[in-house]
Amino acid sequence: MKQQLHKLFENAVDALKRDGVVPPQQDIEIRFDHPRDKSHGDLATNLALSLAKAARQNPRELAQRLIDALPPSEHIAKVEIAGPGFINIFLSPSSQFEVLSRIHRQGCRYGCCDVGHGEKVLIEFVSANPTGPLHVGHGRGAAFGDTLARVMRFAGYEVDTEYYINDAGRQMDILALSVWLRYLELCGEEFSFPKNCYQGDYIWDIAATVHRVDGDKYRISTSNFFSAEYAHDSEKALDQMTSKFRSQVGSDGYQRFLDAALDILVEDIRSDLKGFRVEFDRWFSERSLYQSGIIDRTIAKLKQTEYLYEKDGALWFRATAFGDEKDRVVVRENGTPTYLASDIAYHQDKFDRGFNKLIDVWGADHHGYIDRVKGTLEALGNNPTNFIVTIVQFATLYRGGQKVSMSTRGGEFVTLRELRQEVGTDAARFFYAQRKPEQHLDFDLDLAKSQSTENPVYYVQYAHARVCSVFKQAKQRNIDTAEIFESDSTLLQEEHERNLANALNKFPEIVATAATNREPHHIVYYLRDVSNRLHTYYNAHNVLGTEAELRNARLNLMDATRQVIANGLNLIGVSAPEQM
RNA sequence: GCGCCUGUAGCUCAGUUGGAUAGAGUGUUGGCCUCCGGAGCCAAAGGUCACAGGUUCGAAUCCUGUCAGGCGCGCCA
C-alpha cells in the first residue's frame with residue numbers, strides 16, 4: 001500500500017518539478033507514517049514540510065499544490081491538509097480490506113518480505129561457558145538471538161545460527177579439577193573442597209559417572225596434595241592444584257575428567273535450549289580451532305600486517321590503532337594463545353565460510369571486548385561494519401524484593417530450566433521478547449511466578465484461541481466456513497473492522513523494521529495491539545448471529561486475524577494454542 | 001579516572017529513525033453479556049519525558065554539560 005502511495009506522490013513531485021515549483025535537483029525522500037489520531041487519516045506524510053524550504057513556499061500552500069498534482073487513485077478516499085502542512089490520507093475501504101485475501105493466499109508466509117535480499121548472516125548467541133547449567137541471564141540471550149534469527153529469516157535474510165563452545169583454556173582446567181576433587185571425595189578421601197572450584201551439585205553427578213565406570217582408577221592420596229604455599233592467593237593455589245592434578249593422573253586422566261564434564265554439560269545445555277525452542281544450526285568447538293590449525297594460520301596471517309608486534313616475549317595486537325584503549329596480547333610469553341587469539345580465528349573463519357554479515361549477541365560484561373575483535377577483523381582486511389555486536393544487558397533478579405546474586409562458580413543461581421518449569425516456555429519467551437536488548441531488565445521472580453496466569457502472553461494466545469473457538473462453534477451450527485474467503489468485504493463497515501484491518505495491513509512493515517533494526521520486540525507490541533483490536537471488535541459485534549453474508553465477511557476478517565497472530569507468535573517462539 | 005548502556009505515569013516498559021493533544025500493561029476507582037470463551041471489553045484518574053543549555057517551522061528523540069543507576073577497563077574466558 002505504501003509503495004503505491006509512494007508512486008502517486010512521486011508523480012506529483014515530478015509534476016511540481018516540471019512546473020518549477022520545486023528545484024529539479026532537489027533530493028526527495030517520501031515517507032508515510034501512521035498517525036496515532038484516527039482523525040488524521042490512515043497514513044500521513046510530512047512531504048510538504050520537508051520540501052517547503054527548498055521550494056520557498058508556505059508548507060500548507062505547497063501541500064495543496066501536491067494534492068492538486070496527485071493522480072487519481074482508487075486507493076485513496078480522501079486527502080486533507082492539516083496542522084503546519086501534513087498531508088493526511090484516508091484510504092478507501094476496498095483497499096483496506098484487500099489484505100484479507102492476501103493473508104488467505106499467503107497463509108503462514110503472510111508478513112514475510114525481502115528486505116534481507118538473501119544476505120548470508122551468521123547469528124552467534126548464548127555461547128555460555130560449558131561449566132554449568134544455563135541461568136536466566138543466558139535465557140535472555142537465547143530468547144533474543146533465536147527470535148532475531150526467526151524474524152530476519154522471515155524478512156528475507158539467509159540466517160545460520162551458531163553456539164560457540166568455550167571448551168579450551170583455564171576455565172576447563174578448573175572444571176576438570178573440580179570434578180576430580182569430587183571424585184576423590186566419592187572415593188573416600190577427606191579434605192575441604194576449595195572455595196573457588198565449581199560448587200554446584202552437578203559436579204557431584206559428573207564425578208559419580210566417572211566413579212561408576214572407572215572405580216578408584218584415578219584416586220590418589222590427598223594427604224600432601226594441598227599445600228599452604230599460596231594460602232594468600234587462592235587463584236594461584238588453584239593453578240598449582242591444576243598442574244599437580246595433571247601430573248598425577250596424566251594427560252589421559254585429565255582428558256577423562258574434562259570429557260566427562262563436557263559431554264554431560266553440553267548435552268544438558270543443548271536439551272535445555274531445545275526445551276526453550278532454541279535450536280542451533282551448528283555447535284562450534286573452540287578446541288577444534290586449535291586442532292585444525294586455524295589459530296596458527298590466522299596468527300601467521302596477522303603477523304604479515306603491521307598490527308602485530310613482539311614485546312616482553314609476548315605477541316601483541318596493536319588494538320589502539322582501531323580505537324581500543326590499549327594494545328592486547330595475542331600469544332602469551334609462555335607461547336600459548338590467549339582467548340582473543342581463538343576469537344580472532346573464529347570470527348575470521350566465519351567470514352571465510354561465506355557469511356557476509358556476522359551478528360554476535362553478547363552479555364553486557366563483554367562490551368569492552370568489541371573494539372579489539374572489530375579491530376583484528378579490520379586488520380585482516382574485513383569490512384568492520386559487517387561485524388555487529390548486540391549487547392544484551394543483564395537481567396537483575398529480584399526475589400522477595402531482594403537482589404539475587406549470580407555466580408556460576410558459587411553455584412548459586414536460578415537456572416533457565418527452573419524458570420521454564422515454573423512459568424513455562426511460552427511465558428518466559430514472551431517476557432524476554434518484550435524487552436529491547438539494551439534495556440536493563442528487572443526480573444522479579446515472585447511476580448513472574450505468582451502472576452503467571454496474568455502474564456500478557458495469555459492475552460495474545462487467548463485472542464488466537466478465541467477465534468478458533470468461534471470456528472468450532474460455526475461447525476457445530478453447520479455453517480460452511482469454506483465460503484468465507486469469497487465473502488463480500490464491502491459489508492464490513494464498522495469502525496472496529498477497519499481498525500482491525502489496518503493493523504493486519506501493518507504486519508509486513510513491522511517485520512521489516514524489526515529485522516533491519518534488529519529489534520524483535522516490535523513484534524510483541526504489535527501482537528498486543530492486534531489482539532486488543534480483535535477483543536474489542538469481538539466484544540462489540542456479533543459474528544455468528546448475523547445473516548449469512550455479513551457473517552461470512554466477519555468470519556473472514558476473524559480468520560485473517562488468527563493467521564497474523566499465529567505468524568507473529570511463531571516469530572517469537574511462542575505457541576498459538578487453539579484452546580486454553 | 002576512562003568507556004558502553006540506561007533514566008518517560010505509583011510499578012514494569014513502548015514510543016514507527018525529528019512530527020500533530022505523550023502511549024500500553026499493571027495497580028487504583030467506576031461501569032459492561034441470561035447472547036458466538038469475562039484469561040475479555042469500556043471509562044476515569046495518574047506526566048516538569050532525570051536536570052540545564054543548544055540546533056529549527058517542530059525535540060522524549062539530535063549536540064554539549066551536569067546528576068543518578070548498571071556494567072566493563074587481565075599475558076581470565
Side-chain angles (χ1 to χ4, degrees), chain A residues 31-37 39-40 44 46 49-50 52-53 58-59 82-86 88 129 131 166 168-172 174 235 286 312-316 323-326 328-334 336-340 342-343 363-371 391-394 396 434-444 447 451 453-459 461-463 465-474 476-477 506 509-510 513-514 517 519 521-522 524-526 528-529 531-532 534-546 551 554 558 579-580:
Chain A
R31 291 188 43 221
F32 300 96
D33 45 27
H34 303 271
R36 35 175 153 257
D37 189 336
S39 67
H40 293 148
N46 62 350
L49 287 164
S50 58
K53 196 176 262 180
N58 175 316
F86 292 101
N88 295 337
N129 287 348
T131 54
N166 298 120
R170 181 168 179 263
Q171 298 300 325
M172 291 300 106
I174 299 170
E235 289 300 312
E286 182 184 2
D312 304 332
L315 268 183
W316 294 71
D324 200 0
E325 48 196 40
K326 54 180 90 162
R328 308 290 174 176
V329 172
V330 175
V331 180
R332 297 184 186 92
E333 197 179 351
N334 66 13
T336 60
T338 60
Y339 182 75
L340 178 60
S342 44
D343 240 4
D365 53 339
H366 286 80
H367 75 257
Y369 198 68
I370 299 173
D371 282 343
I391 292 298
V392 177
Q393 291 294 330
F394 283 152
T396 312
Q434 255 181 309
R435 263 74 182 194
K436 56 181 176 183
E438 66 268 33
Q439 180 67 247
H440 298 268
L441 168 57
D442 285 341
F443 202 122
D444 187 328
L447 199 72
Q451 295 202 335
T453 55
E454 291 168 35
N455 195 299
V457 67
Y458 298 108
Y459 182 80
Q461 289 183 318
Y462 177 55
R466 214 172 182 184
V467 177
C468 293
S469 169
V470 172
F471 276 81
K472 255 176 254 161
Q473 279 283 334
Q476 281 171 16
R477 298 186 191 186
K506 271 197 234 174
E509 222 178 286
I510 300 286
T513 57
N517 296 343
E519 291 177 337
H521 69 279
H522 287 126
V524 177
Y525 285 87
Y526 171 75
R528 298 179 60 113
D529 181 43
S531 302
N532 172 254
L534 185 275
H535 286 309
T536 303
Y537 170 53
Y538 191 68
N539 220 271
H541 303 283
N542 200 308
V543 174
L544 293 180
T546 54
R551 181 198 66 209
R554 288 183 169 175
M558 297 279 283
Q579 61 183 38
M580 302 176 64

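Here is how names work: the chains are called A, B, and so on, in the same order as the sequence lines, proteins then strands, and each is numbered from 1. Quick caveat: nothing in here was measured; it's all calculated off a predicted structure.
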I want to confirm an ordering. Mapping A:Lys472 and A:Leu49 to their closest nucleotides on RNA chain B, which one lands closer to the 5' end? A:Leu49
OP1, OP2 of B:C41 versus side-chain N and O of A:Tyr459: anything below 4.0 Å? yes
Kindly indicate whether the side chain of A:Asn46 and the base of B:G19 share any N or O donor-acceptor pair separated by less than 3.5 Å? yes
So what does A:Ala168 hit on the nucleic acid, given a heavy-atom distance under 4.0 Å: a base, only sugar-phosphate, or nothing? sugar-phosphate
With a non-hydrogen cut-off below 4.0 angstrom, is A:Thr513 in contact with a base, only sugar-phosphate, or nothing? nothing
Would you indicate what A:Ala474 reaches in the nucleic acid, counting non-hydrogen atoms under 4.0 angstrom: base, sugar-phosphate, or nothing? nothing
Does A:Arg332 put a side-chain nitrogen or oxygen below 4.0 Å from OP1 or OP2 of B:C76? yes
Should the ring pair A:His535 and A:Tyr462 be called parallel, tilted or perpendicular, given that the plane angle runs from 0 to 90° and is split at 30 and 60? parallel
Using the benzene-type ring in the case of Trp, are the ring centres of A:Tyr537 and A:His541 under 6.0 Å apart? yes
Just to be sure I understand the rule, does A:Ala82 reach a base, reach only the sugar-phosphate, or reach nothing, if contact means heavy atoms closer than 4.0 Å? base
Nearest-angstrom distance from the residue atom CG of A:Asp324 to C1' of B:G74: 13 Å
Nearest listed nucleotide, side chain of A:Leu441, among B:C13, B:A20, B:G15: B:C13
What distance, rounded to whole Å, do you find between the two P atoms, one in B:G27 and one in B:G23? 22 Å
Once you apply a heavy-atom cut-off of 4.0 Å, does A:His535 come out as touching a base, just sugar-phosphate, or nothing? sugar-phosphate
Atom pair distance, as rounded to whole Å: CD in A:Gln171 and C1' in B:A77: 5 Å
Could you tell me the separation between the CG atom of A:Asn166 and the P atom of B:C76, rounded to a whole number of Å? 15 Å
Rounded to whole Å, the CE-P distance (A:Met580 to B:G40) equals 10 Å
Any side-chain N or O of A:Gln434 less than 4.0 Å from the OP1 or OP2 oxygen of B:G25? no
Is the backbone of A:Gly545 close enough, under 3.5 Å, to the side chain of A:Asn542 for a donor and an acceptor to pair up by distance? yes
Which part of the nucleic acid, if any, lies within reach of A:His34 when heavy atoms closer than 4.0 Å are counted: base, sugar-phosphate only, or nothing? base
Could you check whether A:Tyr525 gets within reach of a base, just the sugar-phosphate, or nothing at all, counting any heavy atom under 4.0 Å? sugar-phosphate
So if I take every side-chain heavy atom of A:Tyr458 and compare against B:A77, B:G40, B:A39, which nucleotide ends up nearest? B:A39
Distance, P atom - from B:G7 to B:A44, rounded to whole angstrom: 28 Å
Look at the side chain of A:His367 and the base of B:G3, then say whether one donor and one acceptor between them are separated by less than 3.5 Å. yes
With the side chain of A:His440 defined as its heavy atoms from C-beta on, choose the nearest nucleotide among B:C71, B:U6, B:A77. B:U6
For A:Gln579, report the nucleic acid contact type (base, sugar-phosphate, nothing); a contact means any heavy atom under 4.0 Å. base
How would you label the contact of A:Ala364 with the nucleic acid (heavy atoms, under 4.0 Å): base, sugar-phosphate, or nothing? sugar-phosphate
To the nearest Å, how far apart are A:Phe86 CZ and B:G58 P? 13 Å
Where do A:Arg435 and A:His521 land on the side chain to side chain contact (heavy atoms under 4.5 Å, CB included) test, with the steps shown first? CA-CA 6 Å; A:Arg435 263 74 182 194; A:His521 69 279; over 6 Å; no
Below 30° counts as parallel, above 60° as perpendicular, anything between as tilted: where do the rings of A:His366 and A:Tyr369 land? perpendicular
Quick one: A:Gln439 CD to B:U12 C1', roughly how many Å, whole number? 9 Å
Touch class at under 4.0 angstrom, heavy-atom based, for A:Lys326 against every strand present: sugar-phosphate
Indicate, with a heavy-atom threshold strictly under 4.0 Å, whether A:Glu333 touches base, sugar-phosphate, or nothing. base
Taking Watson-Crick and G-U wobble contacts under 3.5 angstrom, with | marking pairs to another strand and [ ] crossing pairs, the secondary structure of RNA chain B is written (((((((..((((.....[...)))).(((((.......))))).....(((((..]....))))))))))))....
Pi stacking test for A:His40 and B:A20: under 5.5 Å apart, planes under 30°: yes
